[in-house]
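Below is one structure, written out as structure tokens; the observations come after it.
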Amino acid sequence: MSVYIEQNQHYNFSESLSTCEQKSSLSIRKPRKMIKLWINRSRQRKQLAKLDARLLKDIGLTREQAQIEITKPFWK
């Protein structure tokens with residue numbers, strides 16, 4: 001459905017609705033993405049905590065650097 005607006009412009013309501021639907025689906029997907037990210041961070045940090053000095057050296061980290069990463073909260 002289109003409506004005539006000043007300056008010979010038409011406004012298409014169906015396009016506007018689809019844009020709103022897209023925005024609402026994005027707002028639903030964003031929290032899901034954040035939760036997945038937090039879970040992945042937590043898992044990776046648990047795995048990092050299990051690495052010995054030799055493996056940490058292989059990936060270019062010191063024990064101190066790994067400890068800093070391990071102690072971060074999952075949301076950071």
Side-chain angles (χ1 to χ4, degrees):
M1 178 168 119
S2 294
V3 175
Y4 183 78
I5 300 184
E6 294 181 42
Q7 300 174 349
N8 297 327
Q9 295 177 351
H10 290 277
Y11 187 79
N12 189 331
F13 283 101
S14 61
E15 286 179 17
S16 176
L17 287 175
S18 67
T19 303
C20 289
E21 290 168 357
Q22 289 173 355
K23 286 181 182 178
S24 68
S25 72
L26 286 175
S27 65
I28 291 170
R29 282 185 271 166
K30 191 172 181 178
R32 286 182 186 168
K33 282 181 132 179
M34 289 304 301
I35 291 169
K36 285 182 180 181
L37 176 65
W38 292 342
I39 290 168
N40 285 334
R41 282 181 184 164
S42 179
R43 286 181 184 155
Q44 290 172 4
R45 289 175 180 158
K46 286 177 185 178
Q47 291 172 347
L48 183 62
K50 295 177 183 179
L51 299 180
D52 63 18
R54 180 184 58 83
L55 291 173
L56 287 172
K57 185 178 177 183
D58 283 349
I59 62 172
L61 292 176
T62 64
R63 176 52 62 193
E64 293 78 24
Q65 291 169 322
Q67 195 60 38
I68 290 169
E69 186 65 30
I70 292 165
T71 57
K72 287 182 183 178
F74 65 89
W75 62 86
K76 288 187 179 184

Taking every heavy atom of Trp75 against every heavy atom of Trp38, the minimum-distance pair comes out as CA-NE1, 3.5 Å
If Ile, Leu, Val, Met, Phe, Trp and Tyr residues are connected whenever their side-chain heavy atoms lie under 4.5 Å apart, and connections chain through other members, are Ile68 and Leu61 in the same group? no
At what distance, to the nearest 0.5 angstrom, does OG of Ser42 lie from CD of Gln47? 10.0 Å
What pairs of donor and acceptor atoms, side-chain ones from residues 52-60 against any protein atom, are under 3.5 angstrom apart with sequence neighbours left out?
from	atom 1	to	atom 2	distance (Å)
Asp52	OD1	Arg54	N	3.3
Asp52	OD1	Leu55	N	2.9

Check: Pro73 main-chain N/O paired with Arg45 side-chain donor or acceptor under 3.5 Å: yes
If you measure from CZ on Phe74 to CE on Met34, what distance do you get to the nearest 0.5 Å? 9.5 Å
Approximate separation, where rounding is to 0.5 Å, of Lys50 NZ and Lys46 NZ: 8.5 Å
Value rounded to 0.5 Å, distance of CZ in Arg41 from CD in Glu69: 8.5 Å
